[in-house]
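Residue numbers start from 1 in every chain, and the chains themselves are labelled A, B, ... in the order their sequence lines are given, proteins ahead of strands.
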Amino acid sequence: GKRKVSLNNLQNNETNPMENSMYKDYPYFADIQVMIFLGFGCLLAFFRFYGFGGMVFNFLTATFAIQWAILIQGYFQFYSDGKIHFGVINLINAEFACAVVLISFGAVLGKTGPVQLLVMALLEIPIFAVTEWAVLKYLRINDAGGSILIHLFACYFGLGVTFVLYRPSLNKGHPKETTSYNSDILSVMGTLFLWVFWPSFNSALTFKGDDQHRAVLHTFLGLSSSTITAFALSAMFNKRGKLTMADIQNVTLAGGVTVGASVDMMISPVAAYALGIIGCTACFFGYKYLTPFLAQRLRIQDQCGIHNLHGLTGLISSTAGICAILMATEDTYGPSMYQIFSHRAPPEGDPKLLELQKLIPGLKPGLGRTAQEQALFQVAAVFATIAAAAAGGLLTGLVMKLPFMASPSDENCFDDELFFDVPSDFEGGEVLKTLENFDPTEKAETLNTQV
Amino acid sequence: GKRKVSLNNLQNNETNPMENSMYKDYPYFADIQVMIFLGFGCLLAFFRFYGFGGMVFNFLTATFAIQWAILIQGYFQFYSDGKIHFGVINLINAEFACAVVLISFGAVLGKTGPVQLLVMALLEIPIFAVTEWAVLKYLRINDAGGSILIHLFACYFGLGVTFVLYRPSLNKGHPKETTSYNSDILSVMGTLFLWVFWPSFNSALTFKGDDQHRAVLHTFLGLSSSTITAFALSAMFNKRGKLTMADIQNVTLAGGVTVGASVDMMISPVAAYALGIIGCTACFFGYKYLTPFLAQRLRIQDQCGIHNLHGLTGLISSTAGICAILMATEDTYGPSMYQIFSHRAPPEGDPKLLELQKLIPGLKPGLGRTAQEQALFQVAAVFATIAAAAAGGLLTGLVMKLPFMASPSDENCFDDELFFDVPSDFEGGEVLKTLENFDPTEKAETLNTQV
Amino acid sequence: GKRKVSLNNLQNNETNPMENSMYKDYPYFADIQVMIFLGFGCLLAFFRFYGFGGMVFNFLTATFAIQWAILIQGYFQFYSDGKIHFGVINLINAEFACAVVLISFGAVLGKTGPVQLLVMALLEIPIFAVTEWAVLKYLRINDAGGSILIHLFACYFGLGVTFVLYRPSLNKGHPKETTSYNSDILSVMGTLFLWVFWPSFNSALTFKGDDQHRAVLHTFLGLSSSTITAFALSAMFNKRGKLTMADIQNVTLAGGVTVGASVDMMISPVAAYALGIIGCTACFFGYKYLTPFLAQRLRIQDQCGIHNLHGLTGLISSTAGICAILMATEDTYGPSMYQIFSHRAPPEGDPKLLELQKLIPGLKPGLGRTAQEQALFQVAAVFATIAAAAAGGLLTGLVMKLPFMASPSDENCFDDELFFDVPSDFEGGEVLKTLENFDPTEKAETLNTQV
């Protein structure tokens, strides 16, 4: 009889069990798991009275988003012979989709309830999956680290949502929009989890071998230069020369995004290092000038500043990727160029393909694109992704604003007490009593400065 | 001369050093290390005034239990030619034995001193090792995730111990039996470490290849459905619709146990998902109704509710494993059925064995059991394990109750000050002063609701 | 044209991409990353008012040190054909150099500003790299776990620095030189991260195969015995029989250092276990008696007690390594002896080399040293390393003492407020107000007792 159970035979004609695809994918999956659940979880727990919310809603949203993404991506990308093919590689793809949701979550952190977050994941995952599928199938781009599909999509989706959920009163600051000594340390731990495993994130879906090796090294270099730059800028632009924890928690990570689109290409270590510095600088000044501007002029309250850490850096990364594509020559890459830039490989039937296949057995036929053509498709992908994300975010925001979504009142924002049975030492209520003494101008400078 | 040093030649006739068994085992070992020391350590640090105790006694007990298990298991399972064969695989087995002790520890958390805990490990490890050895040697069961041998044994051993150590006064609650904002967050971090690496735990000892791949996927699915279910039940059955942190910390993990006994079988993703939901539901209502009942009627004070997270789920898992065994056919599994269900393989000399060995080279002769026979042996293993564990737990509890074991007085339970030099901001003493104002009925509802 | 980009072809004539060297190195790199950033970061955050400083300056110093080490080590060890060869193996080596800086950091924790720390890294990395290069090139020693080159160098460099930066007033204690309940727990978490991944640290640069397998097992055993011993000594030598958190945080790790120099040799599990006990005992009594003596008599204020955890243990480890070298015979090791002790292999042209190469294909010619000769070179390496480290440390201390280095005043030591914008719940200022009530004699016993 026909078998319907999809885990029965994950690989056919297998002789050595260690050649199971799992052994190539599982270490990266495990690292990304730590990033999603512990990295994001701790990073988002930076509010003094919203630590439960940051960490626990991250747990809930992530778990739901991954399950939902397995189904949706399975249908679009892994479906054949009447069933979804399922393996650790699907889990990695689903965790990438989950990362998209969690980044968008950063824009509305503390201002949304769990029902709203689940609805956001419910809508964002299919919109993301369709965009991803369409871009990969029709535009066919290079984006190993996901700068376009993950970071730009997540950012503009989140901005769309938060635009709709605009709360005028929060522009004056909120007494609970503050950190504590312990929550700041917890958030730095989250940053460190992300920092440490980011090379696995950026290299999880590259070609195995030299490509993956380069992706690890470029990511490490980009993060390193970005971290040093973040410390320097944080101290230099602080009135008293002190370090700001929000910079340590967020701006240090900018380099990981910025190298993303060209992470597996032969861009040289110096270029990766420079990308880290450029991305970090853009991200830092974004937090300083752009986020307040967006909030006050454009009604976009970007709670964690995802436009700085994922938007600006994503745009720089996309541009760098396009430059790397335009500069790529067979002289530099050798025949492996047609493996990395697979769409530039000669199409089926081209005699050059046969010639190349002698050098690289198993090289797949491509589309015979020139570098310029590939660059144009990358540009198209950037605009298409941003457009789809922004539209999807606006739509999702409208749904999340519906009355039965249990959105917290302005007063109850950034407060765990609304959603959790809190222990007796929780002091959220105490702070609310001092609300009358609250001076919004003092708080305004620390507003909107996280993730 | 004869060599007695057992690490000298870990593998013989080795040509490629990368074929050393270490490279197959070490990644799983590292993941399980994180679970044991950081996962359990943080999870058990959930008490407000017993954070040192939870994390540090976990460290002490785990380290001692692993060393002791290496020796005891080495004697029973890895002994030949006059010496114990020693490799990373022994460490994995010893960490499983250690997990058994740490789960049992959950039943008596906060009510036992370090000497008592070491005595518990001293006695539990050999009782466990003998039970494991006897069940594996004589009953020969399938239990890849350790639902029977690890979770059921640990649970009923712990219940046996806590039955003997019954403290009537604690049934009315204790002023220090409470959490703090920081300890709750720390405990969620422990949950996340366990959640993230549980697939490695459940798949560490399966066959390599498809079996291990399935174990990873089934565990991930079981945990995912269990997490979503735990959030839903926690909010639905809370008076004010709020989330209870103890549910997030514990009930989310139920799915990892529930898929254990059938984790490497072809049970289908849907079945793994369903098992997560069923196990989580049983676990949740166990915390709500069964734990208070056990404490007040049966004198079993299960401090962290291990009977819910490991006992009920272990029983469901064992039942599911038996169903999977009964439904396994060569039609579904192909000849690999005799690899997974190794005791169903034809015995030495059977002509069918030779035929199968042509399809699967290296297939070992089995016992020629039918599915029904195997199922009966699984049932026997469940009862034998529970009986051995409960008897061993009662006996161990009697030893732990001896007067020179430095058991803390009722008043000093859940308090780090008895065993640690505490820093000046420790407020345990302050709380004790308010003991007279303490209302037991208020506390009773949060009693017995952790791990 | 000539290619200058060093990441273009990481391996030549490669047929199977999975044979890329990255796949052998990356798992160990990822583990060491966690140790450096999360392990050290949390461990050094143990001060109540210096948690930001401990974790964030560790982040800054580590990132800078790794980048700088990549360049310096690249020039000395990985330079050929006019370029630095760059791969994950360089990152591992750079993280080892980084660990050296972080250990030295422990001697001056809380008493130095970020500029001073960067200057320390700036000078320590090249001094370390030249020492490492000279020892490896001219003395050619066995030191898989880095007991000599990493731990002894780091220790005596740090002691040199702190000798120059002597602050007489701190010998009487400091009101902020204290821990909090949360900072102690955080620091234990750091210890656990280091404990869990230490086997990866000690085995990252050994030969693959049996040697690496032994390194993992010996490290685990050394850590295990050391942990049990630390708990026992901590309780036994405490006036009230209580555990001291500083012992749990530091002394437990002594075994990892102590097995270092002989970790890949056939020293037997019993010897590894014994080394853990011996190293731990020395470390414990070092904290108790030697650190106060050094501070009060020799003007060496070793803030975290690195001389106990890295110096004394490093000396014991070096001695044990020399014993293991002297006792190594072909009878025990077989022909693989010339692989582990590569300098004992016969030199080029020796007929015994050809004979051995038949047994071990690819065995490299050595220097034909006897065991006694190798032992003498090990002794020379110990003294040369200590001398270079101490001299380098003194010199670096002098530079760090220059007036424009922004060294914190005695009063501002151990206080985050000097370098960070602290949240409103930070209480450092409160403590300073109680300075007059501060009794130095009470504090003196907890002084100088960490890392």
Between [X] and [Y], a side-chain donor and acceptor under 3.5 Å:
{"X": "B:Gln67", "Y": "C:Tyr273", "answer": "yes"}
{"X": "C:Ser224", "Y": "C:Thr227", "answer": "no"}
{"X": "B:Asp184", "Y": "B:Gln249", "answer": "yes"}
{"X": "B:Asn182", "Y": "C:Tyr181", "answer": "no"}
{"X": "C:Ser200", "Y": "B:Tyr26", "answer": "yes"}
{"X": "C:Glu330", "Y": "C:Tyr338", "answer": "yes"}

Original post:
Residue by residue, which of residues 91-102 of chain B have a heavy atom closer than 4.5 Å to a heavy atom belonging to chain C?
Top reply: B:Leu91, B:Glu95
Original post:
Which residues, numbered in order, of residues 188-199 of chain B come under 4.5 angstrom of chain C by heavy-atom distance?
Top reply: B:Met189, B:Phe193
Which residue out of [options] racks up the most heavy-atom pairs below 4.5 Å with chain B?
{"options": "C:Val34, C:Leu186, C:Val270, C:Ile228", "value": "C:Ile228"}
{"options": "C:Leu223, C:Val216, C:Asp31, C:Thr244", "value": "C:Val216"}
{"options": "C:Gln212, C:Met265, C:Lys242", "value": "C:Lys242"}

**OP:** Measure B:Leu118 against the heavy atoms of chain C and call it side chain, backbone, both or neither at under 4.5 Å.
**Re:**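 For B:Leu118, neither part sits under 4.5 Å from chain C.
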Subject >> Under 4.5 Å from a heavy atom of chain B, the part of C:Tyr28 involved >> reply: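 Just the side chain, heavy atoms under 4.5 Å.
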Subject >> Proximity breakdown for C:Phe220 and chain B, heavy-atom pairs closer than 4.5 Å >> reply: side chain
Original post:
Does the B:Thr112 side chain pair with the main chain of B:Val108, one donor and one acceptor, at a distance under 3.5 Å?
Top reply: yes
Subject >> Flag, side chain of B:Thr61 to backbone of B:Asn58, donor-acceptor distance under 3.5 Å >> reply: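 Not confirmed, B:Thr61 side chain does not pair with B:Asn58 backbone.
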Subject >> Candidates C:Asp247, C:Thr229, C:Thr252 - the one meeting side-chain hydrogen bond (donor to acceptor under 3.5 Å, both in side chains) with C:Ser234 >> reply: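 One option only clears the test, and that one is C:Asp247.
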**OP:** Could you walk me through whether C:Phe341 and C:Tyr333 pass ring pair (Phe, Tyr, Trp, His ring centres under 6.0 Å), step by step?
**Re:** CA-CA 10 Å; C:Phe341 306 102; C:Tyr333 285 79; 5.3 Å; yes
Subject >> Pairs of heavy atoms under 4.5 Å with chain C: top-ranked of B:Asn90, B:Asp25, B:Leu60 >> reply: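 Counting heavy-atom pairs under 4.5 Å, the top option is B:Leu60.
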Original post:
Under a 4.0 Å N-O cut-off, is there an ion pair linking B:Arg48 with B:Glu427?
Top reply: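 A salt bridge links B:Arg48 with B:Glu427.
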Original post:
Is it true that C:Arg214 and C:Asp264 have a side-chain N and a carboxylate O under 4.0 angstrom from each other?
Top reply: no
Subject >> With B:Phe419, the ring pair (Phe, Tyr, Trp, His ring centres under 6.0 Å) member among B:Phe57, B:Phe52, B:Phe49 >> reply: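 Single ring pair (Phe, Tyr, Trp, His ring centres under 6.0 Å) partner of B:Phe419 among B:Phe57, B:Phe52, B:Phe49: B:Phe57.
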